[in-house]
Amino acid sequence: MNIMGTTKKELFSERQNKIAGLAKALGHPARIAIIEQMLNSEDCITNDLVNELGLAQATISQHLKALKDEGIIQGTISGVKTCYCINESTWNEISEQFDLLFKSYNGCNSSCKQ
């Protein structure tokens with residue numbers, strides 16, 4: 001296998017890359033807090049997140065972009081406000097992918113046990 005000129009992502013399966021992308025998008029406590037706010041409210045407007053989380057508007061926007069780029073959230077523009085919510089199909093995919101990963105563990109059967 002010639003690895004020269006190959007991107008790192010090409011070394012891994014589509015599933016592995018997808019799980020890694022989702023994990024990266026979820027890998028910041030502010031993003032988890034944003035998701036928790038969305039899960040606990042009917043609507044989620046960016047300014048509400050600023051007030052709830054105590055982070056700057058620019059910081060919230062960066063985290064929303066990371067979540068939106070991975071498809072975890074979706075947004076609609078209403079006047080000057082953008083309303084974000086959980087993307088249900090991606091949310092279900094996250095649950096399935098992580099569930100499969102965690103359920104594939106059959107216990108440690110090597111010499112690493114203490």
(request) For Gln16, enumerate each residue passing the side chain to side chain donor-acceptor pair (under 3.5 Å) test, keeping only those at least two apart in sequence or located in another chain. (result) Ser13
(request) Output all residues satisfying salt bridge (charged side-chain N to carboxylate O under 4.0 Å, His left out) with Lys68, sequence neighbours left out; order by chain, then residue number. (result) none
(message) Between Thr82 and Leu64, is there a side-chain heavy-atom distance shorter than 4.5 Å?
(response) no
(request) Write down the atom of Asn17, the atom of Lys9, and the distance for their closest heavy-atom approach. (result) ND2-O, 2.9 Å
(message) Nearest 0.5 Å, please: how far is CD1 in Ile34 from CD1 in Ile72?
(response) 11.0 Å
(request) Without swapping roles, check the side chain of Asp99 against the backbone of Ser95 for a donor-acceptor pair under 3.5 Å. (result) no
(request) Please examine the side chains of Met38 and Cys85, heavy atoms only from C-beta on, and report whether any two atoms are closer than 4.5 Å. (result) no
(message) Minimum heavy-atom separation for Ala30 and Leu53, please, with both atom names.
(response) O-CD1, 4.4 Å
(request) Tell me, please, which residues at least two apart from Lys18 pass side chain to side chain contact (heavy atoms under 4.5 Å, CB included). (result) Leu22, Glu70, Glu93
(message) Once side chain to side chain donor-acceptor pair (under 3.5 Å) is applied, what residue pairs with a partner in residues 54-64 remain, sequence neighbours excluded?
(response) Arg31-His63, Gln57-Ser61
(request) Provide the closest heavy-atom pair for Val50 versus Leu55 in the form atom of the first, atom of the second, distance. (result) CG1-O, 3.3 Å
(request) Might you point out which heavy atoms bring Gly75 and Tyr84 nearest each other, and give the distance in Å? (result) CA-CD2, 3.7 Å
(message) Using side-chain heavy atoms (C-beta onward) and a distance below 4.5 Å, is Trp91 in contact with Ile35?
(response) yes
(request) Please name all residues satisfying side chain to side chain contact (heavy atoms under 4.5 Å, CB included) with Leu100, sequence neighbours left out, ordered by chain then number. (result) none
(request) Only counting residues at least two apart or in another chain, list the ones meeting side chain to side chain donor-acceptor pair (under 3.5 Å) with Asp69. (result) Lys65
(request) Identify the two heavy atoms, one from Leu67 and one from Ala25, that lie closest to each other, and give their separation to 0.1 Å. (result) CD2-O, 3.6 Å
(request) To the nearest 0.5 Å, tell me how far Cys83 SG sits from Gln74 CD. (result) 10.0 Å
